[in-house]
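Notes follow the structure.
This one's a predicted model, so the numbers in the text were calculated from it and none came from an experiment. For ligands, and for the atoms within them, numbers begin at 1 and follow the listed sequence. Count residues from 1 along the sequence.
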Amino acid sequence: MMPRRLLLIDCDTGVDDALAILYLAADEAVEILAVGTVDGNVAPELGAENSLRALEAAGRPSVPVAIGAGAPLLQESRHAEHFHGEDGLGDAHLAPAKSRPTQEGAVEQMVRLARAHPGEISLLAIGPLTNVALALMVEPRLPRLLAEVVIMGGAVACPGNQSPWAEFNIAHDPEAAEIVLRASWRRCTLVGLDVTGQAILEPADHQRLGGSAPAEFASRILQQQMGANRRFELCDPLAAAILLDPSLATYQELPVSVDLDGLHTRGATIADRRITLAPTAPETRPKVAIAMSVDAARFLFEFANRLGSSG
Ligand code: BDR
Ligand code: CA
């Protein structure tokens with residue numbers, strides 16, 4: 001039997017985070033070691049409740065869920081209930097989860113697991129990067145202890161969604177994102193709005209979801225957004241899919257920094273496209289694999305397949 005792929009998810013469960021959990025949990029070859037939650041779409045306590053609900057719907061009720069940072073490193077928190085609903089799951093009024101979060105914090109959990117499985121864990125970060133930045137402070141060897149990190153965040157060559165220049169996960173905690181993007185990971189992949197803008201769930205895709213517990217759950221939490229906008233951008237599920245199958249996207253390998261000072265550009269992800277950098281340039285930093293194009297049709301097919309679609 002093939003060894004299972006070890007995964008740690010850091011998230012702010014919200015609608016698309018929950019869909020990403022369902023997408024990953026549908027894969028028998030994936031072992032979700034744990035989930036950690038961070039302040040973002042909702043407070044981390046509610047994010048943990050929603051992660052447990054998604055894991056239970058997906059048939060993985062024993063995955064531990066730990067609560068992490070309750071606020072960004074420096075700035076005030078601004079949640080996204082206007083988009084994800086007061087309950088973070090499209091105001092679907094779901095039953096409470098049966099399990100409870102663990103006593104351990106999400107940062108401690110991340111460091112403990114990375115040390116216990118050196119070089120083996122893929123980290124999927126689909127919320128603001130506060131927990132990951134804090135874990136880097138606790139354990140500076142984290143970039144070598146993890147196999148890779150795949151981040152949903154940023155808008156490198158396209159407009160932002162939180163401001164003209166900044167994407168939500170980065171804008172929520174720009175200092176944390178800057179700490180993470182300058183670290184020397186074995187491999188770091190950025191799945192930003194450049195590609196998620198192509199991963200759109202249409203009403204017909206939504207209507208076909210059904211016939212299984214995960215599909216019913218997905219259908220319910222999508223109802224509010226599909227009713228309001230007739231479309232839903234599958235940001236976090238696309239990052240999950242790219243983690244499992246990097247051939248879904250093409251990449252540019254460039255250093256990326258986060259603007260921290262701009263009046264209009266704070267939280268923007270700046271890729272350095274210069275071909276030649278002076279070796280001593282202060283901006284020299286490790287390269288990040290930035291997803292620049294995606295096979296959206298293949299992803300959407302896979303999404304429907306994994307969640308359960310009658311069409
Ligand atoms: C990201 O922001 C959040 O609202 C979503 O869950 C996703 O992680 C998209 O910009
Ligand atoms: Ca998210």
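- A salt bridge does not link Glu139 to Arg144: none of the charged nitrogens lies less than 4.0 Å from a carboxylate oxygen.
- Separation of atoms CG (Leu24) and CG (Leu19) is listed at 11.0 Å; rounding is to 0.5 Å.
- Arg306 and Glu302 are joined by a salt bridge, as a carboxylate oxygen and a charged side-chain nitrogen come within less than 4.0 angstrom of each other.
- The distance from the CG atom of Asp259 to the CG atom of Asp261 is 6.0 Å, given to the nearest 0.5 Å.
- In this structure, ligand 1 sits under 4.0 Å from heavy atoms belonging to Asp16, Asp17, Asn41, His84, Ile126, Met152, Asn161, Glu167, Phe168, Asn169, Cys235, Asp236.
- When each of Asp39, Asp12, Thr130 is paired with His172, the side chain to side chain donor-acceptor pair (under 3.5 Å) condition holds for Asp39 and for no other.
- Restricting Asp236 to its N/O/S atoms, the shortest distance to the Ca ion (ligand 2) is reached by OD2.
- Residue contacts to the Ca ion (ligand 2): Phe168 brings no N, O or S atom closer than 3.0 Å.
- Screening Glu120, Glu148, Glu31 for a salt bridge (Lys or Arg N to Asp or Glu O under 4.0 Å) involving Arg5 leaves a single residue, Glu148.
- Among the atoms of Asp12, an N, O or S atom is found under 3.0 Å from the Ca ion (ligand 2).
- Between Asp245 and Arg298, the shortest heavy-atom distance links the atoms OD2-NH1, 2.9 Å.
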